[in-house]
There are 2 protein chains.
Amino acid sequence: MNNEIQKRYKKRSEIIKALAHPTRLFIIDFLADGEKCVCEIVEQVGVDISTISKHLLVMKNAGLVESEKRGLNMFYKTACPCISSLFTCLESIGNKD
Amino acid sequence: MNNEIQKRYKKRSEIIKALAHPTRLFIIDFLADGEKCVCEIVEQVGVDISTISKHLLVMKNAGLVESEKRGLNMFYKTACPCISSLFTCLESIGNKD
DNA sequence: TATCTATTTGGCTAATTTGCCAAGTAATAA
DNA sequence: TTATTACTTGGCAAATTAGCCAAATAGATA
(Lines give C-alpha, C1' and ligand atoms only; values in the text may rest on other atoms or scores of the structure.)
Protein backbone atom coordinates (compact mmCIF):
# COMPACT_ATOMS: atom_id res chain seq x y z
CA MET A 1 0.00 0.00 0.00
CA ASN A 2 1.79 3.15 -1.17
CA ASN A 3 1.67 6.53 0.50
CA GLU A 4 -0.97 8.05 -1.76
CA ILE A 5 -3.34 5.14 -1.29
CA GLN A 6 -2.67 5.05 2.42
CA LYS A 7 -3.67 8.70 2.65
CA ARG A 8 -6.95 8.07 0.87
CA TYR A 9 -7.95 5.24 3.17
CA LYS A 10 -6.87 7.16 6.23
CA LYS A 11 -9.18 9.97 5.22
CA ARG A 12 -12.09 7.61 4.68
CA SER A 13 -11.46 5.93 7.99
CA GLU A 14 -11.50 9.25 9.80
CA ILE A 15 -15.00 9.91 8.53
CA ILE A 16 -16.11 6.43 9.53
CA LYS A 17 -14.52 6.76 12.95
CA ALA A 18 -16.58 9.86 13.50
CA LEU A 19 -19.67 7.70 13.04
CA ALA A 20 -18.41 4.75 15.05
CA HIS A 21 -20.12 5.41 18.35
CA PRO A 22 -23.69 4.62 19.41
CA THR A 23 -24.34 8.11 20.75
CA ARG A 24 -23.05 9.74 17.58
CA LEU A 25 -25.18 7.48 15.39
CA PHE A 26 -28.19 8.34 17.46
CA ILE A 27 -27.46 12.05 17.08
CA ILE A 28 -27.14 11.70 13.29
CA ASP A 29 -30.53 10.01 13.17
CA PHE A 30 -32.02 12.62 15.48
CA LEU A 31 -30.71 15.42 13.27
CA ALA A 32 -32.29 13.82 10.21
CA ASP A 33 -35.52 15.22 11.61
CA GLY A 34 -34.13 18.76 11.29
CA GLU A 35 -31.60 20.93 13.10
CA LYS A 36 -31.43 20.78 16.88
CA CYS A 37 -29.64 22.74 19.56
CA VAL A 38 -27.23 21.01 21.93
CA CYS A 39 -29.62 21.01 24.86
CA GLU A 40 -32.27 19.20 22.83
CA ILE A 41 -29.75 16.50 22.00
CA VAL A 42 -28.67 16.25 25.63
CA GLU A 43 -32.28 15.80 26.64
CA GLN A 44 -32.74 12.92 24.19
CA VAL A 45 -29.49 11.13 24.93
CA GLY A 46 -29.20 11.71 28.64
CA VAL A 47 -25.46 12.11 29.14
CA ASP A 48 -23.39 15.06 30.29
CA ILE A 49 -23.55 18.10 28.02
CA SER A 50 -19.75 18.18 27.77
CA THR A 51 -19.80 14.65 26.42
CA ILE A 52 -22.39 15.59 23.79
CA SER A 53 -20.44 18.68 22.87
CA LYS A 54 -17.34 16.58 22.26
CA HIS A 55 -19.24 14.06 20.18
CA LEU A 56 -20.58 16.92 18.06
CA LEU A 57 -17.06 18.29 17.62
CA VAL A 58 -15.83 14.92 16.41
CA MET A 59 -18.58 14.81 13.78
CA LYS A 60 -18.09 18.42 12.80
CA ASN A 61 -14.37 17.88 12.24
CA ALA A 62 -15.21 14.94 10.02
CA GLY A 63 -17.63 17.02 7.96
CA LEU A 64 -20.69 15.06 9.08
CA VAL A 65 -22.51 17.94 10.73
CA GLU A 66 -22.59 21.70 10.51
CA SER A 67 -23.34 24.21 13.24
CA GLU A 68 -24.63 27.72 13.54
CA LYS A 69 -25.00 29.88 16.62
CA ARG A 70 -28.20 31.83 17.08
CA GLY A 71 -28.59 33.67 20.34
CA LEU A 72 -27.41 31.47 23.16
CA ASN A 73 -27.99 28.28 21.25
CA MET A 74 -25.75 26.34 18.93
CA PHE A 75 -27.76 24.54 16.27
CA TYR A 76 -26.46 21.44 14.59
CA LYS A 77 -27.62 19.80 11.38
CA THR A 78 -26.41 16.95 9.20
CA ALA A 79 -24.12 17.97 6.39
CA CYS A 80 -24.65 14.96 4.16
CA PRO A 81 -28.00 13.52 3.04
CA CYS A 82 -26.36 10.27 1.91
CA ILE A 83 -25.87 9.12 5.47
CA SER A 84 -29.36 7.71 5.82
CA SER A 85 -28.71 5.35 2.90
CA LEU A 86 -25.66 4.22 4.79
CA PHE A 87 -27.89 3.19 7.67
CA THR A 88 -30.04 1.12 5.34
CA CYS A 89 -26.90 -0.78 4.43
CA LEU A 90 -25.93 -1.19 8.08
CA GLU A 91 -29.32 -2.59 9.00
CA SER A 92 -29.07 -5.19 6.27
CA ILE A 93 -25.72 -6.32 7.69
CA GLY A 94 -27.00 -6.20 11.24
CA ASN A 95 -30.02 -8.38 10.54
CA LYS A 96 -27.98 -11.36 9.46
CA ASP A 97 -27.76 -12.83 12.96
CA MET B 1 -32.28 7.03 25.04
CA ASN B 2 -33.92 3.86 26.36
CA ASN B 3 -32.34 0.45 26.56
CA GLU B 4 -33.89 -0.94 23.38
CA ILE B 5 -32.78 2.04 21.29
CA GLN B 6 -29.35 2.00 22.89
CA LYS B 7 -28.96 -1.63 21.86
CA ARG B 8 -29.85 -0.85 18.25
CA TYR B 9 -27.31 1.94 17.96
CA LYS B 10 -24.67 -0.11 19.73
CA LYS B 11 -25.13 -2.82 17.14
CA ARG B 12 -24.86 -0.37 14.27
CA SER B 13 -21.78 1.19 15.78
CA GLU B 14 -20.10 -2.19 16.10
CA ILE B 15 -20.45 -2.69 12.36
CA ILE B 16 -19.11 0.77 11.67
CA LYS B 17 -16.22 0.29 14.08
CA ALA B 18 -15.24 -2.78 12.13
CA LEU B 19 -14.82 -0.52 9.09
CA ALA B 20 -13.12 2.33 10.93
CA HIS B 21 -9.51 1.57 10.10
CA PRO B 22 -7.54 2.41 6.94
CA THR B 23 -6.20 -1.11 6.55
CA ARG B 24 -9.63 -2.65 6.93
CA LEU B 25 -11.13 -0.26 4.39
CA PHE B 26 -8.38 -1.14 1.98
CA ILE B 27 -9.06 -4.84 2.47
CA ILE B 28 -12.77 -4.36 1.82
CA ASP B 29 -11.96 -2.58 -1.43
CA PHE B 30 -9.44 -5.23 -2.37
CA LEU B 31 -11.99 -7.98 -1.77
CA ALA B 32 -14.49 -6.23 -4.03
CA ASP B 33 -12.35 -7.62 -6.83
CA GLY B 34 -13.11 -11.17 -5.68
CA GLU B 35 -12.10 -13.46 -2.85
CA LYS B 36 -8.48 -13.48 -1.71
CA CYS B 37 -6.41 -15.58 0.64
CA VAL B 38 -4.70 -13.99 3.63
CA CYS B 39 -1.24 -14.04 2.10
CA GLU B 40 -2.48 -12.10 -0.97
CA ILE B 41 -3.85 -9.43 1.36
CA VAL B 42 -0.62 -9.35 3.34
CA GLU B 43 1.30 -8.85 0.13
CA GLN B 44 -0.85 -5.85 -0.84
CA VAL B 45 -0.92 -4.18 2.56
CA GLY B 46 2.58 -4.91 3.76
CA VAL B 47 2.09 -5.41 7.49
CA ASP B 48 2.56 -8.46 9.68
CA ILE B 49 0.34 -11.42 8.85
CA SER B 50 -0.90 -11.60 12.44
CA THR B 51 -2.09 -8.01 12.19
CA ILE B 52 -3.99 -8.76 8.97
CA SER B 53 -5.47 -11.88 10.51
CA LYS B 54 -6.80 -9.85 13.42
CA HIS B 55 -8.25 -7.18 11.14
CA LEU B 56 -10.03 -9.92 9.21
CA LEU B 57 -11.40 -11.36 12.42
CA VAL B 58 -12.80 -7.98 13.44
CA MET B 59 -14.59 -7.69 10.09
CA LYS B 60 -15.80 -11.27 10.18
CA ASN B 61 -17.29 -10.82 13.65
CA ALA B 62 -19.12 -7.76 12.38
CA GLY B 63 -20.55 -9.68 9.43
CA LEU B 64 -18.62 -7.69 6.84
CA VAL B 65 -16.64 -10.58 5.40
CA GLU B 66 -16.96 -14.34 5.14
CA SER B 67 -14.22 -16.93 5.05
CA GLU B 68 -13.71 -20.41 3.74
CA LYS B 69 -10.73 -22.69 4.11
CA ARG B 70 -9.50 -24.58 1.06
CA GLY B 71 -6.33 -26.55 1.46
CA LEU B 72 -3.82 -24.53 3.41
CA ASN B 73 -5.40 -21.23 2.49
CA MET B 74 -8.17 -19.26 4.11
CA PHE B 75 -10.15 -17.28 1.53
CA TYR B 76 -12.02 -14.14 2.47
CA LYS B 77 -14.76 -12.35 0.56
CA THR B 78 -17.08 -9.45 1.29
CA ALA B 79 -20.43 -10.42 2.75
CA CYS B 80 -22.35 -7.33 1.75
CA PRO B 81 -22.51 -5.77 -1.72
CA CYS B 82 -23.94 -2.51 -0.34
CA ILE B 83 -20.59 -1.50 1.11
CA SER B 84 -19.31 0.00 -2.11
CA SER B 85 -22.24 2.44 -2.16
CA LEU B 86 -21.19 3.41 1.32
CA PHE B 87 -17.79 4.39 -0.04
CA THR B 88 -19.41 6.59 -2.66
CA CYS B 89 -21.05 8.46 0.19
CA LEU B 90 -17.78 8.72 2.09
CA GLU B 91 -15.98 10.16 -0.89
CA SER B 92 -18.60 12.85 -1.27
CA ILE B 93 -18.08 13.84 2.35
CA GLY B 94 -14.31 13.64 2.02
CA ASN B 95 -14.19 15.90 -1.01
CA LYS B 96 -15.71 18.86 0.78
CA ASP B 97 -12.38 20.21 1.96
C1' DT C 1 5.82 -40.01 10.97
C1' DA C 2 8.16 -35.64 10.56
C1' DT C 3 8.15 -31.40 8.31
C1' DC C 4 6.60 -27.48 5.87
C1' DT C 5 3.28 -23.82 4.89
C1' DA C 6 -0.67 -20.80 5.90
C1' DT C 7 -3.06 -18.87 9.32
C1' DT C 8 -4.64 -17.84 14.11
C1' DT C 9 -4.00 -16.79 18.90
C1' DG C 10 -1.65 -15.05 23.23
C1' DG C 11 0.74 -11.60 25.32
C1' DC C 12 2.69 -7.38 25.62
C1' DT C 13 3.30 -2.16 25.22
C1' DA C 14 1.97 2.12 23.07
C1' DA C 15 -1.58 4.98 21.41
C1' DT C 16 -6.31 6.46 21.22
C1' DT C 17 -10.97 7.11 22.89
C1' DT C 18 -14.55 7.89 26.30
C1' DG C 19 -17.01 10.32 29.84
C1' DC C 20 -17.08 12.82 33.89
C1' DC C 21 -16.12 17.17 36.52
C1' DA C 22 -14.49 21.72 36.78
C1' DA C 23 -13.29 25.87 34.66
C1' DG C 24 -13.71 29.00 30.76
C1' DT C 25 -16.27 31.67 27.07
C1' DA C 26 -20.09 34.04 24.65
C1' DA C 27 -24.54 35.99 24.27
C1' DT C 28 -28.48 37.70 26.74
C1' DA C 29 -31.16 39.57 30.65
C1' DA C 30 -31.57 42.04 34.97
C1' DT D 1 -22.17 45.85 35.42
C1' DT D 2 -23.47 41.55 37.30
C1' DA D 3 -25.80 37.37 36.72
C1' DT D 4 -27.71 33.73 34.02
C1' DT D 5 -27.95 30.48 30.34
C1' DA D 6 -25.90 27.58 26.71
C1' DC D 7 -22.12 25.66 25.30
C1' DT D 8 -16.99 24.46 24.87
C1' DT D 9 -12.54 23.20 26.61
C1' DG D 10 -8.98 21.19 29.84
C1' DG D 11 -7.67 17.56 32.49
C1' DC D 12 -7.80 13.20 34.17
C1' DA D 13 -8.66 7.95 34.89
C1' DA D 14 -10.62 3.90 32.78
C1' DA D 15 -11.40 1.28 28.75
C1' DT D 16 -10.41 0.00 24.10
C1' DT D 17 -7.57 -0.66 20.04
C1' DA D 18 -3.33 -1.52 17.21
C1' DG D 19 0.68 -3.93 15.85
C1' DC D 20 4.59 -6.63 16.76
C1' DC D 21 6.77 -11.11 18.15
C1' DA D 22 6.44 -15.73 19.57
C1' DA D 23 3.84 -19.83 20.09
C1' DA D 24 0.03 -22.76 18.65
C1' DT D 25 -2.89 -25.03 15.18
C1' DA D 26 -4.46 -27.21 10.78
C1' DG D 27 -3.76 -29.16 6.53
C1' DA D 28 -0.46 -30.81 2.86
C1' DT D 29 3.58 -33.16 1.52
C1' DA D 30 7.82 -35.98 1.96
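A note on names: the letters A, B, ... follow the listed sequences, proteins ahead of strands, and every chain is numbered from 1.
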Report all interatomic pairs (protein N or O, nucleotide N or O of nucleotides 28-30 of chain D) with separations under 3.5 Å.
none

Any protein N or O atoms within reach of nucleotides 11-14 of chain D? Criterion: under 3.5 Å, listing atom names and distances.
{"from": "dG11(D)", "atom 1": "O6", "to": "Lys54(A)", "atom 2": "NZ", "distance (Å)": "2.4"}

Just the table, please: protein N/O against nucleotides 15-17 of chain D N/O, every pair under 3.5 Å.
none

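Looking at Arg12(B) and Asp29(A), a side-chain N of the basic residue comes within less than 4.0 Å of a carboxylate O on the acidic one, giving a salt bridge. Using a 4.0 Å cut-off between charged nitrogen and carboxylate oxygen, Arg8(A) and Glu4(A) do not count as a salt-bridge pair.
Note that CG of Leu25(A) is 8.5 Å distant from CE of Met59(A), once rounded to the nearest 0.5 Å. A distance of 11.0 Å separates NE2 of His21(B) from CD of Glu14(A), quoted to the nearest 0.5 Å. Atom CE in Met74(B) sits 5.5 Å away from atom NZ in Lys69(B) (nearest 0.5 Å). The structure places CD1 of Ile41(A) at 8.0 Å from OH of Tyr76(A), a figure rounded to the nearest 0.5 Å. Going from atom CD of Glu66(B) over to atom CG of Leu31(B) covers 11.0 Å, rounded to the nearest 0.5 Å. Here NE2 of His55(B) is found 6.5 Å from CD1 of Ile27(B). Values are rounded to the nearest 0.5 Å.
Partners of Arg24(A) by salt bridge (charged side-chain N to carboxylate O under 4.0 Å, His left out), not counting sequence neighbours: none found.
Think of the region where chain B sits on DNA chain C: with heavy atoms and a 4.0 Å cut, that region ends 5' and 3' at dT5(C) to dG11(C).
Whole-Å rounding puts the Leu56(A) CG to dT8(D) C1' distance at 11 Å.
Within the cation-pi definition used here (under 6.0 Å to the ring centroid, within 45° of the axis), Lys36(A) qualifies as a partner of Phe30(A).
No option in Val42(B), Leu72(B), Asn73(B) other than Asn73(B) meets the side-chain contact (heavy atoms from CB on, under 4.5 Å) test with Cys37(B).
Closest-nucleotide positions on DNA chain C for Ser67(B) and Ala20(A) were compared, and the one nearer the 5' end corresponds to Ser67(B).
At the phosphate of dT5(D), neither OP1 nor OP2 sits under 4.0 Å from any side-chain N or O atom of Asn73(A).
As judged by a 4.0 angstrom heavy-atom cut-off over every strand, Tyr76(B) is placed among residues touching the sugar-phosphate backbone only.
Residues of residues 37-52 of chain B that place a heavy atom closer than 4.0 Å to DNA chain D, in numerical order, are Val47(B), Asp48(B), Ser50(B), Thr51(B).
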Item to complete: Go through the steps to decide whether Thr23(B) and Tyr9(A) satisfy the test side chain to side chain contact (heavy atoms under 4.5 Å, CB included), and finish with yes or no.
Response: CA-CA 7 Å; Thr23(B) 299; Tyr9(A) 286 98; over 6 Å; no
